[in-house]
Amino acid sequence: MTHIAGQTASMVEDPPEVDVRTAAQLLRSEHGLDAVVTELRSERDRNFLAEAGSRRLVVKVSNSGDDADQIAMECAAMEHVARVDPELPIPRLIPSTTGAPVTRVQATDGRTHLVRVITVLPGEVADLTALPDWFASEFGVISGRLTHALQGFGHPSAHRRLDWDPRHVADLRPYADSLPDVRRRAPMQRLLDRFAGLDEAARKLPASALHGDVTLSNLLLADGGISGVIDFGDMHHTARVADLAIGLTSLLRESGDLWADAGRFLDGYQRVLPLEPAEVELIGELVLARSAASVLISAWRAPLYPDNEEYLTSLVVGSWRILDQLGELGQSELTNRFHRLCGTSRVATAPDPTLLVRRKAALGGELSPLFYREPLQVVRASGPWIYTADGRRYLDAYNNVPVVGHTHPAVVQAISRQAAVLNLNSRYLHSNVVELAERLVASMPDGLDTCVFANSGSEANDLAWRMARVVTGRGGAIVADLAYHGVSEATAAFSTNTYPASARPSHVAVFEAPRDPRDDGPVAIARVGAARAELQRAGHDPALLAVDSVFSGAGILTPRDDFMRGLQDAARAAGGLFLADEVQAGFGRGGRNLWRFQDFGLTPDFVTLGKPMGNGHPVAALITRREIAQAFTEVDEYFSTFGGNPVSCVAALTVLDVIEQTGLVARSGAVGAELRAGLEALVPELPVRGQGLMVGVEMPDAAGFAERLRAHGVLVGTTGPGGGVLKIRPPLIWTSVEVDHFLVAFQRALG
């Protein structure tokens with residue numbers, strides 16, 4: 001008989017000639033069981049139901065063409081799954097009286113077949129009953145669980161080639177000309193051309209020894225759930241997405257709403273095993289391939305076994321429905337639809353020349369301007385590097401938000417795992433929020449014992465302002481000139497670098513930032529006094545003095561300790577409270593302590609944290625004294641729906657872990673000193689300021705120099721009066737390697 005190369009013997013050998021009487025005798029002789037035996041449907045094997053009192057078992061007589069080693073693999077896999085995920089509803093093997101999991105029986109035609117006896121699970125076979133609304137999602141979950149349970153299983157016999165594996169559908173081409181409907185033959189040939197590279201593409205994806213046939217005919221339903229996954233006879237080593245596609249195709253054959261059910265199945269699957277984008281790329285093609293394989297195998301085998309034609313053609317109608325609905329879509333559109341279903345569609349990597357025009361149209365033009373004369377289309381980042389759609393990579397010397405490096409794997413893992421379990425507002429108890437608050441409070445000076453979470457540094461500063469007004473009964477604020485503290489209505493008024501002096505509201509007064517290294521404590525006290533006098537002339541008195549201790553907006557300054565203490569002392573002497581804004585300065589950037597205010601020996605009334613806290617995930621915090629918080633709660637309360645949610649908090653906890661475990665505070669100090677020394681050697685005539693990894697270089701045309709650095713593969717910012725200071729504020733993971741790279745680019749830009 002003609003069959004395709006590599007075809008397994010069980011596909012061409014006749015089913016076992018074993019009847020119910022022989023099966024009953026085998027149970028009695030090998031297992032010591034008397035049972036009532038009835039035959040079950042099957043294609044290549046003979047399966048029997050045995051009822052021995054209250055016990056219900058299946059006697060599985062394998063085709064003589066089946067490999068004994070493969071049957072041993074099935075038994076080992078079932079035992080493995082039972083150990084790894086005991087709650088998964090799979091059958092259990094019943095050993096013989098001698099303890100053997102497999103016995104033998106001789107058929108009437110003289111062939112010998114291997115026999116296993118397994119437990120019967122309750123329920124109706126899924127393809128013989130109406131599928132409930134919950135089924136598609138739970139089908140995805142059970143498929144994901146079984147794949148996950150088998151990830152650690154291996155067996156030499158798993159490396160076999162099965163013709164119904166969708167990866168190999170192109171090998172079934174000889175049977176396209178046997179399709180009963182002549183009109184279908186040419187379109188099928190064209191479709192098979194489309195699958196020419198499918199096997200090779202799948203080889204690059206995660207794979208293991210898998211069930212190979214988690215389909216409706218091998219699922220049982222009972223009591224409002226999936227009660228069983230049966231028949232490990234098609235186990236083989238394959239891409240896990242190919243195994244997924246086999247199950248998904250089975251579902252879609254019976255679906256009344258193909259895309260809705262596909263979405264529910266994939267949602268369920270990804271609750272257990274998130275898919276990689278490269279896997280999602282192939283889902284649509286593999287579903288088409290599996291459907292094509294079903295109709296081609298039916299065209300081949302149905303004429304050979306006319307007595308079993310109904311069973312052999314049972315999948316044809318549903319398979320053609322899938323082929324018609326999905327096949328009419330282009331490959332790109334089909335792939336994009338599955339990306340949207342799986343949540344993997346938003347990772348754009350291709351250059352888009354329309355993006356700038358669209359951004360201006362949708363995002364208010366110059367309302368939020370971009371960096372650089374020719375804006376960068378960024379597509380990914382890793383560690384200290386940012387990559388653009390044109391294939392270039394840039395050393396990030398500007399972004400402090402990814403404080404432990406872009407896409408740090410521990411942070412990504414923590415966010416992903418928590419997001420897959422729970423993300424909810426903070427009015428419920430959760431360990432992440434409590435642990436994070438405890439760790440932050442423990443890092444603060446005595447007295448700062450109360451932590452409140454928000455989503456941004458702006459919100460944290462805004463809350464501090466609200467509390468200060470309540471506690472002091474006043475409405476005035478003092479900030480530095482060219483300060484930045486946020487974007488809310490209140491904190492935008494404190495952000496004096498964002499508007500002209502003429503626009504400053506009357507309740508905000510400024511003190512001059514310490515640009516002269518000789519500025520000391522008395523100078524600070526005098527400047528606060530002058531600012532208070534200005535407020536009083538406008539009918540206000542200070543409730544709060546807020547300071548960013550690196551004076552980033554003023555040009556990155558390094559104040560004297562006594563100047564900073566003078567600010568704190570003067571604020572309190574004037575009846576106000578003192579706020580240390582650590583959004584840019586904190587998390588070890590100064591290279592001495594975790595918090596920059598600690599370098600000066602300060603004990604603020606408020607400490608605010610933001611951007612770097614979650615390495616880019618939106619989370620912020622206000623730390624204050626208990627009596628301040630209690631005074632506030634007597635007249636008001638604070639609630640942020642997702643401030644302090646479990647995902648944001650686990651991101652922040654992981655950032656703290658990374659900083660502590662990898663010594664990033666000390667590294668920031670050492671690498672920052674190396675960076676400043678290198679810059680001072682390159683531009684001895686220019687002021688180089690800063691501490692740790694917050695460095696400023698005052699220079700003519702700083703904006704133009706930043707453009708030249710961009711041309712040499714380095715991203716920086718500008719700050720200070722008139723934007724005349726180069727702002728160097730990289731992730732804290734920089735080492736001497738990144739410093740050297742930066743200095744080489746800097747020297748070239750000078751040239």
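- Annotation for Ser443 and Leu594: closest pair CB-CD2, 4.1 Å, computed over non-hydrogen atoms.
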Please lay out, stage by stage, how Thr344 and His339 fare under the test side-chain hydrogen bond (donor to acceptor under 3.5 Å, both in side chains).
CA-CA 5 Å; Thr344 51; His339 274 308; 2.6 Å; yes
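- Atom CE of Met613 and atom CG of Leu609 lie 5.5 Å apart (nearest 0.5 Å).
- Nearest heavy-atom pair across Arg676 and Gly692 is NH1-N, 3.4 Å.
- Looking only at atom types and distance, the side chain of Arg596 has a donor-acceptor partner in the side chain of Gln691 under 3.5 Å away.
- In plain terms, the two heavy atoms of Ala652 and Leu436 that are nearest each other are CB-CD2, 3.5 Å.
- For the pair Pro612 and Val655, the tightest heavy-atom approach, listed with the atom from each and the gap, is O-CG1, 4.0 Å.
- Phe494 and His485 have perpendicular rings, their planes meeting at more than 60° on a 0 to 90° scale where under 30° would count as parallel.
- Considering only heavy atoms from C-beta on, Ser668 comes within 4.5 Å of Leu693 through its side chain.
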Starting from the C-alpha separation in whole Å, work towards a yes-or-no answer on side-chain hydrogen bond (donor to acceptor under 3.5 Å, both in side chains) for Glu281 and Thr335.
CA-CA 6 Å; Glu281 285 280 324; Thr335 297; 4.6 Å; no
Would you please test Tyr398 and Phe371 for ring-ring contact (aromatic ring centres under 6.0 Å, His included) and show each step?
CA-CA 11 Å; Tyr398 177 71; Phe371 294 138; 5.4 Å; yes
Give the intermediate values and the outcome of side-chain hydrogen bond (donor to acceptor under 3.5 Å, both in side chains) for residues Ser488 and Thr491.
CA-CA 5 Å; Ser488 68; Thr491 59; 2.8 Å; yes
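- Look at Arg466 and Glu489 and you find no salt bridge, because none of the NZ, NE, NH1 or NH2 atoms lies under 4.0 Å from a carboxylate O.
- Other residues, nucleotides and ligands place more than 12 heavy atoms under 6.0 Å from the CZ atom of Phe639.
- Heavy-atom neighbours of Glu660 CD from other residues, nucleotides or ligands within 6.0 Å: above the threshold of 12.
- A donor and an acceptor atom, one from each side chain of Ser426 and Asn645, are nowhere located under 3.5 Å apart.
- Between Ser208 and Leu150 the shortest heavy-atom distance is OG-O, 4.1 Å.
- Remark: Asp449 does not engage Arg625 in a salt bridge, criterion side-chain N to carboxylate O under 4.0 Å.
- A donor atom on one side chain and an acceptor atom on the other are found under 3.5 Å apart for Thr608 and Asn461.
- With respect to Arg145 and Asp85, a salt bridge is recorded, a charged nitrogen being found less than 4.0 Å from a carboxylate O.
- Counted within 6.0 Å of NE2 on His80, heavy atoms from surrounding residues, nucleotides or ligands total more than 12; the atom is thus considered enclosed.
- For residues 581-590, there are no salt bridge (Lys or Arg N to Asp or Glu O under 4.0 Å) pairs, not counting sequence neighbours.
- For CZ of Arg515, the number of neighbouring non-hydrogen atoms (other residues, nucleotides, ligands) closer than 6.0 Å is greater than 12.
- Around the CZ atom of Arg392, the shell of radius 6.0 Å holds more than 12 heavy atoms that belong to other residues, nucleotides or ligands.
- Side chain of Ser648 to main chain of Pro618: a donor-acceptor pair is present (N/O by atom type, distance under 3.5 Å, no hydrogens or angles).
- Under the ring pair (Phe, Tyr, Trp, His ring centres under 6.0 Å) criterion, the residue pairs touching residues 373-396 are Trp385-His741, with sequence neighbours excluded.
- No hydrogens or angles considered: nothing links the side chains of Thr633 and Gln630 as a donor-acceptor pair under 3.5 Å.
- The nearest pair of heavy atoms linking Ala437 to Phe453 is N-CZ, 3.7 Å.
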